[in-house]
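The chain is numbered in sequence order, starting from 1.
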Amino acid sequence: MICPCSGMPPGADYDDCCRPALDGQAWPTTTEALMRSRYTAFARGNEDHLFRTWHAKTRPADIGLDTDTTWLSLKIIGTTGGSESEETGTVHFRVTCRDHLGEHTLEENSSFVRRAGRWVYLDAID
């Protein structure tokens, strides 16, 4: 099965791409890899991964995934920082999803920081 995040490299199998992160067996080493795993968590309804990869200061008490939303695609537009040797980074991305109201596109520039040596999502940048 091709990974919902579109894969790294493109067309990568879920077991070789995001599954180790979602199963808690590995932690993404870059902000882009973390963003891809978080998108896959939304697509697969994995609240545990979203919770543990969201900074405690900005994480909602209840993630509350909408089970009626179907996640259709992720496109990474660009990144700044976020490598294995950096402490901060951003990922600019666009997702397409469908719910009971129709198809929607969300574009966001997300901020990530290292916490205890691991990348976590902090917030959306204006």
Practice problem: Kindly indicate, with the supporting measurements, whether the criterion side-chain contact (heavy atoms from CB on, under 4.5 Å) is fulfilled by V95 and T105. | Solution: CA-CA 6 Å; V95 298; T105 299; over 6 Å; no
Exercise. Would you please say whether a donor-acceptor pair under 3.5 Å links the side chains of E108 and S110?
Key: yes
Quiz item: Any side-chain heavy atom of T79 sitting closer than 4.5 Å to one from H92?
Solution: no
Quiz item: Think R44 forms a cation-pi with Y14, using NZ or CZ under 6.0 Å from the six-ring centre and within 45 degrees of its axis?
Solution: yes
Practice problem: Mind checking the CE-CZ spacing from M35 to R38? Nearest 0.5 Å is all I need. | Solution: 7.0 Å
Quiz item: What's the shortest heavy-atom distance between T40 and C3, and which atoms?
Solution: OG1-SG, 3.8 Å
Quiz item: What is the minimum heavy-atom distance between A33 and T30, and which atoms define it?
Solution: N-OG1, 3.1 Å
Practice problem: Verify, without hydrogens or angle tests, whether T53 (side chain) and V120 (backbone) share a donor-acceptor contact under 3.5 angstrom. | Solution: no
Self-check item: Joint hydrophobic cluster, F42 plus I76, side-chain heavy atoms closer than 4.5 Å
Solution: yes
Practice problem: Could you list the residues that satisfy side-chain hydrogen bond (donor to acceptor under 3.5 Å, both in side chains) with Q25, not counting sequence neighbours? | Solution: none
Quiz prompt | Note, F93 side chain near K75 side chain (heavy atom, < 4.5 Å) | solution = no
Quiz prompt | Working for ring-ring contact (aromatic ring centres under 6.0 Å, His included), residues W119 and F112 | solution = CA-CA 6 Å; W119 286 113; F112 295 85; 7.2 Å; no
Quiz item: Does a side chain donor of either T96 or H104 reach within less than 3.5 Å of an acceptor in the other side chain?
Solution: no
Quiz item: Parallel, tilted or perpendicular: which fits the ring planes of W27 and H49, with parallel below 30° and perpendicular above 60°?
Solution: tilted
Quiz item: If only atom types and distance count, is the side chain of R59 paired as donor or acceptor with the main-chain N or O of F51 below 3.5 Å?
Solution: yes
Quiz item: Honestly curious: do Y39 and L22 fall in one hydrophobic cluster under the side-chain, below-4.5 Å linking rule?
Solution: no
Quiz item: What is the minimum heavy-atom distance between L101 and D99, and which atoms define it?
Solution: N-OD1, 2.8 Å
Self-check item: pair L65-L50: side-chain heavy atoms closer than 4.5 Å
Solution: yes
Quiz item: Is the charged tip of R98 near the ring of W71: under 6.0 Å from the six-membered ring centre and within 45° of its axis?
Solution: no
Practice problem: Taking the side chain as every heavy atom from C-beta outward, state whether H55 and D123 have any pair of such atoms under 4.5 Å apart. | Solution: no
Quiz item: Would you say D13 and I2 make side-chain contact, with heavy atoms under 4.5 Å?
Solution: no
Practice problem: To the nearest 0.5 angstrom, please state how far the NZ atom of K57 sits from the CZ atom of R115. | Solution: 8.0 Å
Quiz item: Donor-acceptor pair, R36 side chain versus C5 backbone, under 3.5 Å?
Solution: yes
Quiz item: Does the side chain of T80 come under 3.5 Å of the side chain of T90 through a donor N or O and an acceptor N or O?
Solution: yes
Quiz item: Is it the case that more than 12 heavy atoms not belonging to I77 sit under 6.0 Å from its CD1 atom?
Solution: yes
Quiz item: Of the options L74, T69, T70, which is the one that meets C97 in a side-chain contact (heavy atoms from CB on, under 4.5 Å)?
Solution: T69
Quiz item: Does R114 use its side chain to pair, donor to acceptor, with the backbone of G117 at less than 3.5 Å?
Solution: yes
Quiz item: Which atoms form the tightest heavy-atom contact between S37 and C18, and what is the distance?
Solution: CA-SG, 3.7 Å
